[in-house]
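Side-chain atoms are counted along with the backbone in the values below, which use heavy atoms only and exclude waters and symmetry mates. Quick note: residue numbers are just sequence positions, from 1. Predicted, not measured: the structure shown is a model, and the values here were computed from it.
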Amino acid sequence: MRARHIAPAALLLPLTLPLAACDGSSGAKGAGGGTGSGTDGKGSLTLNVGDQKGGSEALLRAAGELDDLPYKIKWSTFTSGPPLLEAINAGAVDVGGVGNTPPVFAAAAKSKIKVIAGTHSRSDGETILVKKGSPLKRPAQLKGKSIAVAQGSSAQYQLIASLKKAGLTPKDVTLNYLQPADALAAFTRGKVDAWAVWDPYSSQALDQADARVLTTGQGVVNGLSFQVAAPAALHDKKKSAALKDYTDRLRRAQNWAFKHPGVWAKAWAKETGLPDKVALDAVKRTRGTAVAVAVDKAAIASEQQIVDSFAAVKLIPRSFDFGKFVDPRFNGDLPPSVTAPRTYGKAH
């Protein structure tokens, strides 16, 4: 697989680039990987929760689900999924939310993690973008082209799966491993032919960076995101009970967000610095469509496809059984993982 590096360039466009996405491989803020952003709740028990800007804390607060906590939540903010999972592996964090791909890399490294809860969202925000004036009309035309993508991200799997569907492999393209801010600069300046990325960056580029969608993740990626916990927290009876309550609160908050997309988008925009229109577009495209689902055999099988795909192109050393990194104790009466996401009608 060919890969080359583009030096970070100063952004030419007046774009706000929030750390609101789920999956990149950049480091986290602050020493030790996370930056505490406060504590909620009361009581003697403290649940250490890893989060990302505009993530679980923002959603729970907007939905009023932090108003009556019978335990404390100490928040630590990370730039992306991989360093959050590193903190869970190290025992610094009890639980945190990530996309569908970081757990694969963490499990491949034999990290001490357990997937305990899941959501299924639409994948319209998982995109491969090109400039509006690009001659590229379909994924098969990416052969020989340069593509920006964040290493270890859900976008990386979406790119590999989209290439495979088009009869291509990563060896047929030039991969530029760039985090979203640098990828946007490269995309804007024409240094790359395409950009594989996720919401809210997809919505932002479409609104402000003269981008159009070449293809989306619909029908290509599983649309799953997960809450991942430390085994030690699950083995602690009181913390396990708090984890159950926490995932229940997230489920209720997701239900609230779908019913109040405008209110949630405004809260999310305020938290992340996103323009209101971009936030609302991203909410309606993907962020508001999440439905809580069981981490069941179908979810495990779907993640196993990511494992096997990455092993086949040597992104991880070897395949492994993803099911060994799942704890289904909180599935309860949640619907199957293949349950259709919500929708606001025609995709934006």
Side-chain angles (χ1 to χ4, degrees), residues 1-5 21-28 33 50 78-93 96-116 118 126 142 146-179 183 196-198 217 220-222 224-232 234 295 297-328:
M1 184 188 311
R2 291 177 293 156
R4 61 186 174 89
H5 176 72
C22 62
D23 302 295
S25 55
S26 63
F78 296 81
T79 59
S80 57
L84 194 162
L85 294 184
E86 289 170 13
I88 291 175
N89 178 57
V93 168
V98 297
N100 63 0
T101 302
V104 169
F105 282 96
K110 300 181 180 178
S111 297
K112 296 185 287 290
I113 62 167
K114 289 288 186 181
V115 173
I116 62 167
E126 294 269 357
L142 289 169
S146 58
I147 307 169
V149 64
Q151 192 169 16
S153 69
S154 61
Q156 187 173 11
Y157 176 66
Q158 189 243 338
L159 174 59
I160 290 171
S162 295
L163 291 173
K164 183 178 180 180
K165 187 177 179 180
L168 302 176
T169 75
K171 293 181 180 179
D172 293 316
V173 300
T174 298
L175 298 180
N176 298 267
Y177 289 131
L178 299 170
Q179 286 300 304
V197 71
W198 59 88
V220 177
V221 299
N222 60 23
L224 296 174
S225 294
F226 299 110
Q227 292 295 317
V228 181
L234 290 165
V295 186
K297 289 181 179 178
I300 293 170
S302 186
E303 289 295 295
Q304 190 66 46
Q305 288 184 344
I306 300 178
V307 172
D308 296 341
S309 294
F310 281 162
V313 296
K314 307 300 183 186
L315 286 173
I316 58 176
R318 65 190 65 82
S319 187
F320 60 89
D321 182 2
F322 188 81
K324 292 182 178 179
F325 294 87
V326 172
D327 187 325

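- A pairwise comparison of heavy atoms in Lys114 and Lys324 identifies NZ-O, 2.8 Å as the closest pair.
- The aromatic rings of Phe105 and Phe310 sit tilted, their planes meeting at an angle between 30° and 60°.
- The side chain to side chain contact (heavy atoms under 4.5 Å, CB included) test applied to Phe226 returns Asn100, Pro103, Val115, Leu224, Val228, Glu303, not counting sequence neighbours.
- Lys112 is linked by a side chain to side chain contact (heavy atoms under 4.5 Å, CB included) to Asn89, Pro231, counting only residues two or more places apart in sequence or in another chain.
- Among all heavy-atom pairs drawn from Ala155 and Ala196, the shortest one is CB-O, 3.5 Å.
- Rounding to the nearest 0.5 Å places CD1 of Ile160 at 7.5 Å from CG of Leu175.
- The two atoms that bring Asn176 and Ser146 nearest to each other are ND2-CB, 3.5 Å, heavy atoms only.
- When all heavy atoms are compared, the tightest approach of Ala161 to Val220 is CB-CG1, 3.3 Å.
- Considering CD1 of Ile88 and CZ of Phe78, their distance stands at 8.0 Å, rounded to 0.5 Å.
- Ile113 and Ala106 make their closest contact through CD1-CB, 3.8 Å (heavy atoms, listed as atom of the first residue, atom of the second, distance).
- Contacts of Ser111 classified as side-chain hydrogen bond (donor to acceptor under 3.5 Å, both in side chains), with partners at least two apart in sequence or in another chain: none.
- Using modelled atom types, no side-chain atom of Gln158 and backbone atom of Ser154 make a donor-acceptor pair closer than 3.5 Å.
- Judged by distance alone, with hydrogens and angles left aside, the side-chain atoms of Ser153 form a donor-acceptor pair with the main-chain N or O of Ala150 at under 3.5 Å.
- In this structure, the separation between CD1 on Ile306 and CD1 on Ile316 is 10.0 Å, given to the nearest 0.5 Å.
- One finds the CD atom of Gln156 at 11.5 Å from the OG atom of Ser309 (value rounded to the nearest 0.5 Å).
- Ile147 contributes atom CD1, which lies 5.5 Å from atom CG of Leu163 (distance to the nearest 0.5 angstrom).
- With sequence neighbours excluded, the residues satisfying side chain to side chain contact (heavy atoms under 4.5 Å, CB included) with Gln304 are Val307, Asp308, Ser319, Asp321, Phe322.
- Summarising the geometry of Asp327 relative to Leu234, their closest heavy-atom pair is OD2-CD1, 3.8 Å, with the distance given to 0.1 Å.
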